[in-house]
Novice: 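Here's a structure for you.
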Amino acid sequence: MSQTSDTSNSADDVLSEKEQQEIKAKFDKESRTRQFTGIPNYLITGLLLVFAVYVFATTLFFPLPEQIRRTVFIGLLMIPGFLIYPMRKGQQRVNYVPWYDFVLAALGAGAFFYFAANFHALVQRSIMINQTDMIVGAVGIIVLFELCRRIVGIPILVVAGGFIAYAFYAGFSLRRVIHHLFYTTDGIIGTPIAVVATFVVLFVFLAAFLEKSGIAHFFIDMANSVTGAYSGGPAKVAVVASAFLATISGSSVANTVSSGAVTIPVMKKAGYKPHFAGAVEASASSGGQIMPPILGAAAFLMAEITGIPYTQIALAALFPAALYFVGVFLNVHFEAKRLGLAGLPKESLPKFWPLFIGKGYLFLPIVILIVMMAQGFTPSRAAIFGILGCFVLSFIRKDTRFTPGRFVDALTAGSRNTMSIAMACAVAGCIVGIVSLTGIGQQLVGAMAVLVRHPFLLATGTSLFVALFLTMIACIVVGLGMPTTAKYVIMATVTAPMVLRAGAELGIDVPILAVHMFVFYYGVLSDVTPPVALASYAAASIAKSDPMKTSLVGTKLAATAFIIPYVFVFSPAILLIGYSPFLIAHVLITAFIGMFGFGAGLAGYMLRPMNLPTRALAIGGFLLCLSASLLVSLVGIGMIGIVFATQLITVRKEKAMAPVLTGNTWGKG
């Protein structure tokens with residue numbers, strides 16, 4: 001039965017800003033903040049503006065020694081952090097901050113400022129830190145962990161705490177551990193926070209400026225104009241809008257709530273079940289962290305850890321991201337066909353060209369960003385010009401213009417949004433520091449090497465696959481409830497070297513970018529994977545559906561993404577590694593055809609309902625299409641082609657029989 005929705009959105013259809021904030025606070029700890037009005041609000045705004053000024057001043061005008069820049073960076077976030085984020089849920093009273101949070105803010109900021117003020121003396125003392133240094137370092141680590149708990153959550157602290165406990169078990173003294181974690185660039189102020197303070201923070205500010213310019217509404221309107229009228233239009237709008245929003249934001253939960261507040265109610269009105277509507281938005285929004293040009297913050301960490309230019313990483317991520325969103329889009333399309341859901345009335349949708357001509361300039365800052373990075377400018381400089389372009393271009397229309405109030409809002413939003421990333425990366429730096437201090441990483445790599453050399457695995461040719469599978473499980477399990485930046489740092493430090501060693505043990509040259517993209521993707525996918533599927537739970541709250549059911553369907557919709565990372569390793573041409581035009585064409589064409597078969601097989605509908613054997617044939621064809629072998633891929637395409645041809649013949653027969661079954665004859669009517 002075909003259904004057509006009424007798309008007139010009443011005030012009850014779309015969630016208000018307050019309702020969106022409540023949902024974010026429920027499922028996203030970084031959104032669980034105290035509220036301030038009047039003078040306290042001005043004071044908090046002032047603290048956030050101080051941080052923003054520090055970021056731009058040290059980037060553009062006053063470069064500082066790296067250790068000083070990083071410690072002040074963290075210290076300036078400590079003060080508003082403890083004032084904004086309560087110790088526990090339910091303490092978000094307006095204009096109320098308990099005395100102990102002022103103490104913690106002073107202790108935390110003071111510890112990092114102490115390091116900055118005594119930097120040269122500490123360098124001279126080296127490992128022989130005195131008693132005062134030890135106390136300050138211990139206080140700094142403990143207070144940092146507490147703020148990270150409030151903003152990010154407990155899982156990352158459990159992992160970091162386990163690594164620190166291992167250091168003591170391995171025989172390292174308290175003095176040595178504190179010195180290594182707090183006073184060296186191998187710990188808290190190591191690579192993760194260095195990347196945040198140098199690159200990520202500027203892209204966070206760029207995303208804040210783009211959001212305040214109204215680009216999110218523009219993206220949703222564009223998606224409506226392109227896909228809204230087709231079968232299952234509202235769900236396709238959710239996918240396309242999320243792909244657009246993915247270019248500016250790296251947060252799965254924030255993407256889910258921002259676009260889902262509009263798309264989920266419309267999907268429900270169109271006939272989708274609540275849990276499916278929520279699942280569509282969650283699975284699509286989770287792709288925000290894998291979509292160029294900005295990607296998630298973890299991509300900048302990848303550039304630093306691997307030594308591969310960020311521009312190359314962003315380019316390599318293009319085709320996998322396209323496959324991800326195409327996969328979700330096709331799953332939605334076949335589900336809409338199976339349910340008989342019609343699109344939205346064309347007269348209710350915005351027109352593409354008038355919309356593009358009227359507001360297309362909002363996308364120009366992203367174009368500036370892409371062009372500048374392609375021309376060889378550093379990501380930080382490209383981000384600054386993107387921010388400047390966003391500010392200048394906003395004056396084209398009155399409704400997008402940056403007034404003083406909107407400008408301040410963008411700066412404070414950028415500062416707030418940096419907190420969670422910075423705290424997660426600072427704590428993740430402790431994990432990296434313990435790995436470098438104890439050498440536990442090499443021990444794990446050695447254990448993996450022994451495993452992959454097992455005679456049975458060698459005989460069956462599954463050694464590398466087993467190494468990848470174990471890495472996948474580790475990424476998903478360790479990443480549950482943890483921000484992607486922290487997941488990636490842990491996995492890149494511990495599991496990525498294992499896979500590289502496994503390939504070397506087998507004489508297989510596994511590209512380092514392929515391995516790091518592998519762990520990056522599975523870190524992202526834990527946001528839709530039960531039992532801690534934060535994006536799915538946020539979507540379920542909007543859809544008023546069962547959270548577990550929503551997360552299971554979201555996992556199904558994003559199922560192709562669980563297979564794509566294996567293609568990185570076995571067919572690295574998809575990442576533009578060792579490629580030729582023919583090889584890229586082969587990998588992409590067969591992958592997209594395979595996606596078509598996989599989506600139909602999952603939904604049980606291609607041109608008409610499918611039985612179990614045809615579904616299995618279509619999904620099997622998809623798996624073969626992912627092979628690096630052209631012959632195997634052609635077999636996969638043939639399997640999907642057989643299913644399509646069978647469906648087409650059956651549909652034509654059913655249409656030919658329709659007049660007979662209704663009592664009509666050819667030539668009548």
Side-chain angles (χ1 to χ4, degrees), residues 9 12-32 216 219-220 223 232-246 249-291 296 324-325 327-329 331-332 335-336 339 341 479-481 483-484 524-562:
N9 292 337
D12 296 331
D13 291 332
V14 180
L15 288 152
S16 65
E17 290 287 340
K18 182 179 179 181
E19 290 172 321
Q20 292 181 43
Q21 184 58 37
E22 288 173 353
I23 292 172
K24 287 181 183 179
K26 185 176 180 181
F27 299 102
D28 189 13
K29 287 183 73 69
E30 63 182 278
S31 299
R32 196 175 299 162
F219 283 157
I220 292 174
K236 291 176 179 176
V237 168
V239 177
V240 175
S242 295
F244 281 144
L245 288 168
S249 172
S251 170
S252 300
V253 174
N255 281 0
T256 298
V257 176
S258 299
S259 56
V262 177
T263 60
I264 289 176
V266 178
M267 278 190 273
K268 289 171 65 178
K269 287 182 66 178
Y272 284 99
K273 292 180 179 179
H275 69 272
F276 189 85
V280 169
E281 186 57 56
S283 58
S285 292
S286 292
Q289 299 179 79
I290 59 176
M291 184 72 173
Y324 179 89
F325 282 105
V328 176
F329 187 91
N331 289 341
V332 165
E335 183 69 16
L339 295 175
L341 298 176
L480 294 176
T484 303
V524 170
L525 289 172
S526 63
D527 281 348
V528 290
T529 307
V532 191
L534 298 180
S536 295
Y537 291 173
S541 183
I542 299 173
K544 296 179 173 57
S545 61
D546 178 73
M548 187 54 67
K549 196 172 183 180
T550 303
S551 64
L552 289 172
V553 175
T555 302
K556 175 185 173 183
L557 291 175
T560 49
F562 286 89

Novice: For residues Asn331 and Leu557, report the shortest heavy-atom separation together with the two atoms involved.
Specialist: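 Shortest heavy-atom separation between Asn331 and Leu557 comes out as ND2-O, 2.7 Å.
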Novice: Using every non-hydrogen atom in the two residues, find where Ser286 and Val524 come nearest and quote the distance to one decimal.
Specialist: O-CG1, 3.2 Å
Novice: Please check this pair: side chain of Lys268 against backbone of Ala543, looking for a donor-acceptor N/O pair closer than 3.5 Å.
Specialist: yes
Novice: Could you tell me which non-hydrogen atom of Ser242 sits nearest to which non-hydrogen atom of Ser285, and how far apart they are?
Specialist: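 Closest approach of Ser242 to Ser285, heavy atoms only: OG-OG, 3.4 Å.
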Novice: Which heavy-atom pair separates Gly232 from Tyr272 by the least distance, and what is that distance?
Specialist: CA-OH, 3.3 Å
Novice: Distance only, no hydrogens: is a donor on one side chain within 3.5 Å (strictly under) of an acceptor on the other, for Ser545 and Thr550?
Specialist: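 The criterion, which ignores hydrogens and geometry beyond distance, is satisfied for Thr550 and Ser545.
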Novice: Determine, step by step, whether Phe219 and Val240 satisfy the side chain to side chain contact (heavy atoms under 4.5 Å, CB included) criterion, reporting the C-alpha distance in whole Å, the side-chain angles of both residues, the deciding distance to 0.1 Å, and the verdict.
Specialist: CA-CA 8 Å; Phe219 283 157; Val240 175; over 6 Å; no
Novice: So, does Ser283 use its side chain to make a donor-acceptor pair with the main chain of Val280 at under 3.5 Å?
Specialist: yes
Novice: State, yes or no, whether a side-chain contact exists between Asp546 and His275 at a heavy-atom distance under 4.5 Å.
Specialist: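 Result no, sub-4.5 Å side-chain heavy-atom pair not found.
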Novice: Rounded to the nearest 0.5 Å, what separates atom NZ in Lys273 from atom CD in Glu335?
Specialist: 8.5 Å
Novice: Restricting to non-hydrogen atoms, name the atom on Lys544 and the atom on Pro274 that form the minimum distance, rounded to 0.1 Å.
Specialist: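 The answer is O-CB, 4.5 Å.
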Novice: Atom NZ in Lys556, atom CZ in Phe276: separation rounded to 0.5 Å?
Specialist: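 Rounded to the nearest 0.5 Å, the NZ-CZ separation comes out at 7.5 Å.
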Novice: If you measure from OG1 on Thr256 to OH on Tyr537, what distance do you get to the nearest 0.5 Å?
Specialist: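 Interatomic distance, Thr256 OG1 to Tyr537 OH, rounded to 0.5 Å: 13.5 Å.
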Novice: About how many Å separate CE of Met291 and OH of Tyr324, when rounded to the nearest 0.5 Å?
Specialist: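 Answer rounded to 0.5 Å: 12.0 Å.
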Novice: Which heavy atom in Ile542 sits nearest to a heavy atom in Val257, and how many Å separate them?
Specialist: CD1-CA, 3.9 Å
Novice: Using only atom types and a distance under 3.5 Å, with no angle test, would you say the side chain of Ser541 pairs donor to acceptor with the backbone of Ala538?
Specialist: no
